[in-house]
S.K.: 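Take this structure first; my questions come after.
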Amino acid sequence: MRPLKPLDEGRVQQVVSDLYRCHRDLIGFHWPAETLQAEFHSTEGWGTFHGQRLVNFVLYRVTPVAWEISVVASHPEFWGQGLMRSLLSHIIVIKPTDKELWLEVHCENNGAWGLYESLGFCRMGVRANYYPGGGSAWLYTLR
C-alpha cells in the first residue's frame, strides 16, 4: 500500500476499465475516462498493489475541514479479500485528527455502505435523485 503517483494514472484507469468490463451493472459508479483522468490529477490517493499491479485505490480531495473521498474502486478479481477494508482503515489512520472523512454512496450499493458503516462512518444526509436513473446518494462522514 502506498500513495498514488503520477505514473499510476494508467493503473487507475485500468482498474476502472476492468470493473466496467466485468460488471456493467455497477450501482452508482460512473467514471468516464476523461472525468477519471481529471479527478486523478486534482486529488490525492492511495492504492494497494500486488507486485506492480494496482488492485484497489481511493482518491480524495483535501479541504479545510475534511478529506473528501471521491472515488473508491477495487479490481473485481480481488473482491472479498478485505483489501478495501485495509486500505480505508489506513486512510482513517493517516488523516489528520482535526479533519473528517466524507464520502457518498448510492443508496442501493449495500456492500459499499455496509463496509463504510462497519468502519465507523455515519450517514449524515441524502442527495435525492442524485444518480442517473434517479438513485439517491447517501452522504457519510467519519470524525
Side-chain angles (χ1 to χ4, degrees), residues 1-6 8-50 53-143:
M1 185 177 325
R2 67 165 170 76
L4 295 176
K5 302 173 185 176
D8 295 318
E9 180 182 352
R11 292 178 176 111
V12 165
Q13 291 281 2
Q14 188 64 54
V15 169
V16 171
S17 176
D18 289 346
L19 263 172
Y20 289 141
R21 185 178 43 77
C22 295
H23 296 280
R24 297 187 190 280
D25 60 343
L26 290 171
I27 298 171
F29 192 88
H30 181 70
W31 286 94
E34 302 79 26
T35 307
L36 185 59
Q37 178 183 31
E39 193 66 16
F40 181 83
H41 288 288
S42 65
T43 59
E44 297 183 37
W46 277 79
T48 305
F49 291 80
H50 184 70
R53 184 178 185 192
L54 179 65
V55 298
N56 68 14
F57 67 91
V58 173
L59 299 180
Y60 60 92
R61 184 168 282 102
V62 176
T63 74
V65 296
W67 284 11
E68 184 177 6
I69 296 172
S70 59
V71 186
V72 175
S74 290
H75 193 284
E77 290 178 22
F78 295 87
W79 286 4
Q81 298 180 26
L83 297 174
M84 184 54 74
R85 173 178 297 282
S86 294
L87 182 56
L88 286 169
S89 295
H90 179 74
I91 299 291
I92 291 167
V93 169
I94 66 167
K95 78 163 182 62
T97 57
D98 65 334
K99 302 241 186 211
E100 296 180 5
L101 279 174
W102 296 343
L103 58 82
E104 64 187 38
V105 64
H106 195 290
C107 65
E108 294 178 18
N109 191 340
N110 302 354
W113 59 256
L115 172 62
Y116 304 144
E117 289 178 5
S118 75
L119 289 168
F121 283 84
C122 298
R123 193 176 330 153
M124 300 301 290
V126 175
R127 288 186 180 133
N129 302 312
Y130 180 75
Y131 291 102
S136 295
W138 286 348
L139 309 175
Y140 280 88
T141 189
L142 180 75
R143 299 180 198 276

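Every value quoted in this text rests on a predicted model; they were computed, and no experiment measured them.
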S.K.: Any heavy-atom pair between the side chains of L19 and P76 that's under 4.5 Å?
M.R.: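 Yes. Closest side-chain heavy atoms under 4.5 Å.
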S.K.: Kindly indicate, with the supporting measurements, whether the criterion side chain to side chain contact (heavy atoms under 4.5 Å, CB included) is fulfilled by N109 and W138.
M.R.: CA-CA 10 Å; N109 191 340; W138 286 348; over 6 Å; no
S.K.: CG/L101 to CG/L142 distance, rounded to the nearest 0.5 angstrom?
M.R.: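 Between L101 CG and L142 CG, I get 5.5 Å after rounding to 0.5 Å.
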S.K.: Of all residues at least two apart in sequence or in a different chain, which pass the side chain to side chain donor-acceptor pair (under 3.5 Å) check with R53?
M.R.: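 Partners of R53 by the side chain to side chain donor-acceptor pair (under 3.5 Å) criterion, ordered by chain and then number, come out as H75, E77.
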S.K.: Just jot down the side chain to side chain contact (heavy atoms under 4.5 Å, CB included) partners of L4, sequence neighbours excluded, or say none.
M.R.: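 Residues passing side chain to side chain contact (heavy atoms under 4.5 Å, CB included) with L4: D8, V12, F40, F49, L54, F57, L59.
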S.K.: Do any pairs count as a salt bridge (charged side-chain N to carboxylate O under 4.0 Å, His left out) and have a residue in residues 91-103, sequence neighbours left out, and if so which ones?
M.R.: E100-R143
S.K.: Could you tell me the separation between the OG atom of S70 and the CG atom of L36, rounded to the nearest 0.5 Å?
M.R.: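 Answer for the OG-CG pair, S70 versus L36, is 9.0 Å.
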S.K.: Mind checking side chain to side chain donor-acceptor pair (under 3.5 Å) for E68 and listing every partner two or more places apart, or none if nothing turns up?
M.R.: none
S.K.: Tell me the salt bridge (charged side-chain N to carboxylate O under 4.0 Å, His left out) pairs involving residues 121-141, sequence neighbours left out?
M.R.: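 The answer is E104-R127, E117-R123.
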S.K.: Quick one: ring pair (Phe, Tyr, Trp, His ring centres under 6.0 Å) partners of W46, sequence neighbours excluded?
M.R.: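 Residues passing ring pair (Phe, Tyr, Trp, His ring centres under 6.0 Å) with W46: H90.
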S.K.: Just to verify, what does F121 make a ring pair (Phe, Tyr, Trp, His ring centres under 6.0 Å) with, not counting sequence neighbours?
M.R.: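 Residues passing ring pair (Phe, Tyr, Trp, His ring centres under 6.0 Å) with F121: Y116.
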S.K.: Under the salt bridge (charged side-chain N to carboxylate O under 4.0 Å, His left out) definition, can you give me all pairs with a residue in residues 128-139, not counting sequence neighbours?
M.R.: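 Residue pairs with at least one partner in residues 128-139: there are none.
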S.K.: Examine the side chains of Q37 and Q13 and answer whether a donor and an acceptor come within less than 3.5 Å of each other.
M.R.: no
S.K.: Sequence neighbours left out, what passes side chain to side chain contact (heavy atoms under 4.5 Å, CB included) with P6? Give chain and number order.
M.R.: none
S.K.: Can you list the residues that meet the salt bridge (charged side-chain N to carboxylate O under 4.0 Å, His left out) rule with R85, with sequence neighbours excluded?
M.R.: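 Testing R85 for salt bridge (charged side-chain N to carboxylate O under 4.0 Å, His left out), a comparison that skips the adjacent residues, returns none.
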S.K.: For E44, check salt bridge (charged side-chain N to carboxylate O under 4.0 Å, His left out) against everything at least two apart and list the hits.
M.R.: none
S.K.: Does Y130, at its OH atom, have more than 12 non-hydrogen atoms belonging to other residues, nucleotides or ligands within less than 6.0 Å?
M.R.: no
S.K.: Going by side-chain hydrogen bond (donor to acceptor under 3.5 Å, both in side chains), name the pairs with one or both residues in residues 55-67, residues two or more places apart or in two chains.
M.R.: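 Qualifying pairs, neighbours excluded: E39-R61, S42-R61, T48-N56.
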